[in-house]
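Notes follow once the structure below has been shown.
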Number of protein chains: 2
Amino acid sequence: MGKAGLPVSPLAPAGFPDLPVIDGVQFASGAAGVKYQGRTDVTLIRIAPGSTLAGAFTKSSTRAACILDNQAKLAQGGDAPDGAAIIVNSGNANAFTGARGQESVDAVTGAVAQATGVPADRVFSSSTGVIGEPLPHDRIIAIVDELAASLDAGGIADAARAIMTTDTFPKGASAVVAGEGGEIRIAGIAKGSGMIAPDMATMLVYVFTDAAIASPLLQQALSSGLDSTFNAITVDSDTSTSDALVLAATGRSAAAPITSLDGGAGAAFVTALHGVMRDLAQLVVRDGEGATKFVEVQVTGAASDADAHKVAMAIANSPLVKTAIAGEDANWGRIVAAVGKSGAKADRDRLTIRFGDMVLAENGWRSPSYDEDKASAYMKRQDLVIAVDLGVGQGARTVWTCDLTHGYIDINADYRS
Amino acid sequence: MGKAGLPVSPLAPAGFPDLPVIDGVQFASGAAGVKYQGRTDVTLIRIAPGSTLAGAFTKSSTRAACILDNQAKLAQGGDAPDGAAIIVNSGNANAFTGARGQESVDAVTGAVAQATGVPADRVFSSSTGVIGEPLPHDRIIAIVDELAASLDAGGIADAARAIMTTDTFPKGASAVVAGEGGEIRIAGIAKGSGMIAPDMATMLVYVFTDAAIASPLLQQALSSGLDSTFNAITVDSDTSTSDALVLAATGRSAAAPITSLDGGAGAAFVTALHGVMRDLAQLVVRDGEGATKFVEVQVTGAASDADAHKVAMAIANSPLVKTAIAGEDANWGRIVAAVGKSGAKADRDRLTIRFGDMVLAENGWRSPSYDEDKASAYMKRQDLVIAVDLGVGQGARTVWTCDLTHGYIDINADYRS
């Protein structure tokens, strides 16, 4: 069972992966009783002096106090000559809590600064859970010293569990890439999926590497991967107030510093980083509330990449497409309608729709090769690929989503009460 | 039970209203067996010579052949000196049927022209139902002569039933407005709701009046009402390939012709017409698939009307808001998140959220007057009002939606198969 008493998603991997230790990053998790009882709900992460940092945050106009605080701190620059720290709690989002929200952030990050010796402006925080209720920050502060005393380089799996809300499994991914003169390691953890988790529980992602890389380059490596990873997933089209991704690079690898992302070890690092981000993003979809199918939506032949994104998201967010998938119905007509409503340039008679290798529709009509039995058999798979070629240009985009089932309604119709 | 064997929506009105006869408009409905058996599925509507016409159609880029045909015909002008006709079938949408789609439209409208003496370029058509399958237009043509022989001014209620697909009740609305020297009558019927009905069954709307009014003015009267009526409803955010609204004015009223919409009888006509359009639009929401709650979302204080629309639709389409309503949970935090994701200008600390008369949130936090018991009691009502004031400008918009329930999943996860 997952933390909220939900059965583990049928799309979950067999277990939590064996993540490489990132030299210079330590974790400690504990139970503060913010909301949940009998489980860990706070994680402290300590990042060594000399590290560099990068981040990406929700664009919501109602973002939480911790998001505003993190953004202000990162705007000062991504260097951490005296180290950095991240404190995360689950059970309360500290969102829409007015001026008290910032007071809670200041109190918690101040306590972490004192306990770890990290400057307060390098202490970042995330809160995830119920919205609009004051954060009982004293409960968190009460265990900060204990956490600081138990920091451990091997604690990443426990951290992945402590940040869960209604997630049904902990999420981790990693990569090892050949640098110049040594290996570079990347390890990351994530929770949630967009706003799949009820009551503003959010997507939180923390990625660590031992690469030596200046913070502007680190930010560039991160930012260039967002559109094809976290901005390419959706469970229910709802955007949270608290989405956050923090990337820290400790520079402890034996490999030479990365000074360019164009070619060589720099390009390999970017590819590996984006792979870890994509793995984590897909794990988030695999834990989509009520999900029973994992769906890749590939759009090609669009007038632009932006148009391809519009079409892919229109399909991936369509309740009619998602319920058809839940019902294992090869209802490609609903995909035609989703393309039509997307606002992207499209021509009915140039559209081709494939499920896996099967062509279902082409030249403005059902394909002559369409076989209802084969299509129905395909829909029984757990992992599906829907491919749409618009035939009007070179734009392309792939996104990932899940189906819409009774489980989603069960979880969301009465989570809070 | 509705036509598709579904129980009648709990939000349905007590019965079909007593619509006024519109002089110059006749109806005939019959059973062609397009898909359904044992029910009427084709309606023929004859509009008298000298009438004027206006229309509004889906903006989908994958729109059906009949939509393209109707648009081309109306682009020639809205006058019908020799009369007009409308033929509607349910059971097959004739959408995404390639070149055969237009062939079917030509065959059916040609047969209607021959049977009624109406010029072919004044014969409009709509098809609603399954997509991507060839329309068996011979079945429709086979009963056209019979329909033409049985046209009757009192047949509007039967027409409202014949155009249903998975609708659970027929939808009609009317108004009588004082013209200069006599009454002007307006009567309309509708089916579906956006793309609530599965497999591209669509929203179709036909409105008739005996007003004497030139077609450009008639089109203006229609177009000016769309944003506050049919463009202000959503069930599931999916847009159909076949949405169509046709408005016909016969000029048979004793009232003087309407020559201006600014003041006097012209303004009264516009108000009444928009009232009929709003009534029909709301009935469509009340038949939303699986709906158990009818929800009015009022947004005020936005930077512009367009921003207000964005926020209202973000709330009305949010699966998390809609499932909370289904669960009778006063989960206003999900409304905060929907405002945040909308892309409209918003300021967390100026936001006010009301459910009915209750203020739930203001000044960036839960209202001091918030009473969980009262809020929960309010949520048990069948008709709800969610009001959001953004506090940043004068823009306003009201939209209507329904909740998202297990019934929606039931209907859409396996309708086609």
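Treat the numbers as computed from the prediction; the structure is a model and nothing was measured. Each chain gets a letter, A, B and so on, in the order its sequence line appears, and its residues count up from 1.
Atoms CG and CG, on B:Asn317 and A:Asn317 in that order, are 10.5 Å from each other to the nearest 0.5 Å. To the nearest 0.5 Å, atoms CH2 (B:Trp365) and CD (A:Glu133) are separated by 9.5 Å. We find the CD-OG1 distance between B:Glu289 and A:Thr323 to be 8.5 Å, quoted to the nearest 0.5 Å.
Neither the backbone nor the side chain of B:Ile353 comes within less than 4.5 Å of any heavy atom of chain A. Only the backbone of B:Thr405 has a heavy atom closer than 4.5 Å to any heavy atom of chain A. With a 4.5 angstrom heavy-atom cutoff, B:Ala99 does not touch chain A via any of its atoms.
Between chain B and the residues A:Asp347, A:Leu351, A:Ile325, the largest count of heavy-atom pairs under 4.5 Å involves A:Leu351.
Taking 4.5 Å as the limit, every side-chain heavy atom of B:Thr97 sits out of range of all side-chain heavy atoms of A:Arg366.
In this structure, A:Phe96 and B:Ala361 approach most closely via the heavy-atom pair CE2-CB, 3.6 Å. Of all the heavy atoms in B:Arg63 and A:Arg348, the pair that sits closest is O-NH1, 3.6 Å.
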